[in-house]
Amino acid sequence: MIVISCPHCGTRYQLAPDAIGTSGRKVLCAQCGRDWTARMPEPDGPEDGLVFPTGDEDSLDAAFDAAEKTDAAKARTMARIKAAIAPKTPQARPVDLEAERRRLRAFSARQETIARTLPVARMRRMARYVLAGILLALVGALMIFRTEIVREAPAMASLYSSVGLGVNVLGLEFEDTRTITIMREGARVMAVEANIRNVAGRPVDVPPVRVSVYDGTRTTIYEWSAHADAGHLAPGEVAQLRTQLTAPPQGAAGVRLSFINDRVELEAGAQRIQGGR
């Protein structure tokens with residue numbers, strides 16, 4: 001028996017000498033699948049330092065097994081060397097989510113603290129404070145000087161009224177408005193009386209007064225103008241208004257008073273008509 005070995009992977013095979021012949025034979029390795037031309041070994045030449053006896057098949061098998069064990073030992077040794085020098089993969093440690101959240105919050109707090117100390121951040125804060133101060137001053141001026149503002153821009157009166165801030169541009173107010181209906185010489189007469197007070201703190205001219213009669217739906221059905229008994233009032237003075245309408249229209253439910261002014265109209269509260277003698 002002879003032993004041949006694959007030149008590609010080192011796998012050894014035990015064959016009869018006549019299977020190779022003197023000129024050699026092309027064989028295929030069952031281990032790696034590659035082929036080569038096997039030839040008869042030199043009679044006196046050892047192979048890989050191993051001497052295989054000839055003629056005794058049992059001795060040859062024993063030598064072949066010893067060679068395989070040697071190769072296996074070499075392979076195990078190489079495997080241990082490779083495992084020793086291979087880079088170690090670090091084991092993943094469990095993540096503490098709560099600790100990670102605290103770390104992120106602390107990091108964010110530090111970043112915000114640093115950002116607040118930057119010159120740009122200080123300038124932005126100062127700009128916000130200045131803008132807030134300007135807005136507050138503007139709102140205060142609109143509140144305090146609303147009378148003067150509406151006097152110059154009458155359209156602003158509706159804006160102030162929408163937010164519940166009445167504006168008395170004329171500086172006059174109606175007080176003690178009374179409306180009664182009486183019979184006089186067989187005819188119905190509507191009598192309207194009111195006091196007009198100067199609340200402006202300055203002398204004020206008293207303009208004519210529009211007297212509007214409205215029905216149950218508060219729709220004006222008749223109106224006329226009247227004059228107070230004084231055309232000019234000093235601060236705090238009061239003038240009286242007395243006027244009447246003979247044969248008021250049917251369906252009259254109340255009376256509304258307002259000053260006739262070329263810039264703004266100031267109305268008094270609606271006054272329901274009361275009956276009388």
Side-chain angles (χ1 to χ4, degrees), residues 8-10 31-33 71-175 197-205 207 218 233-236 256-259 261-270:
H8 305 293
C9 64
Q31 178 67 27
C32 67
D71 291 340
K74 291 180 179 180
R76 287 194 297 271
T77 302
M78 290 301 298
R80 286 195 294 269
I81 293 173
K82 290 179 180 180
I85 65 175
K88 300 298 187 294
T89 302
Q91 296 182 350
R93 294 181 299 175
V95 179
D96 188 343
L97 296 180
E98 186 60 31
E100 187 67 16
R101 293 191 190 97
R102 289 196 298 268
R103 188 187 67 80
L104 291 177
R105 286 196 294 268
F107 177 76
S108 299
R110 290 194 300 271
Q111 292 296 102
E112 292 177 359
T113 302
I114 295 173
R116 285 195 296 268
T117 60
L118 295 176
V120 175
R122 290 197 296 268
M123 292 180 62
R124 289 177 179 173
R125 286 198 300 272
M126 184 177 299
R128 286 196 294 268
Y129 295 150
V130 172
L131 181 59
I134 293 174
L135 290 176
L136 289 175
L138 180 59
V139 172
L142 291 174
M143 297 282 292
I144 296 172
F145 301 105
R146 61 180 182 272
T147 300
E148 290 76 8
I149 292 173
V150 173
R151 186 177 293 117
E152 298 298 327
M156 293 290 292
S158 59
L159 178 61
Y160 281 109
S161 298
S162 64
V163 296
L165 296 175
V167 181
N168 190 337
V169 177
L170 298 177
L172 299 173
E173 287 185 355
F174 290 104
E175 296 178 352
R197 182 181 297 276
N198 179 357
V199 295
R202 54 182 173 78
V204 175
D205 293 330
R218 304 186 75 85
L233 293 178
R256 185 184 297 109
L257 302 179
S258 59
F259 292 106
N261 187 273
D262 59 348
R263 296 184 64 116
V264 67
E265 183 174 287
L266 178 64
E267 294 187 356

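Values reported hereafter were calculated over all heavy atoms of this structure, with side chains retained and with hydrogens, waters and symmetry mates removed.
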So, do V199 and L172 sit near enough that their side-chain heavy atoms are less than 4.5 Å apart?
no
Tell me, yes or no, whether the heavy-atom count around Q31 atom CD, taken from other residues, nucleotides or ligands under 6.0 Å, exceeds 12.
no
Of the non-hydrogen atoms in G201 and P235, which two are nearest, and what is the gap between them?
C-CG, 3.6 Å
Of all heavy-atom pairs linking V204 and A200, the shortest is CG2-CB, 3.8 Å
List the steps, then state whether side chain to side chain contact (heavy atoms under 4.5 Å, CB included) holds for M126 with M123.
CA-CA 5 Å; M126 184 177 299; M123 292 180 62; 5.7 Å; no
Mind checking side chain to side chain donor-acceptor pair (under 3.5 Å) for R103 and listing every partner two or more places apart, or none if nothing turns up?
E100
In short, F259 meets P207 closest at the heavy-atom pair CD2-CG, 3.7 Å
Taking CZ in R124 as the centre, count heavy atoms belonging to other residues, nucleotides or ligands within less than 6.0 Å. Is the count above 12?
no
Could you tell me whether R105 and E98 have a side-chain N and a carboxylate O separated by less than 4.0 Å?
yes
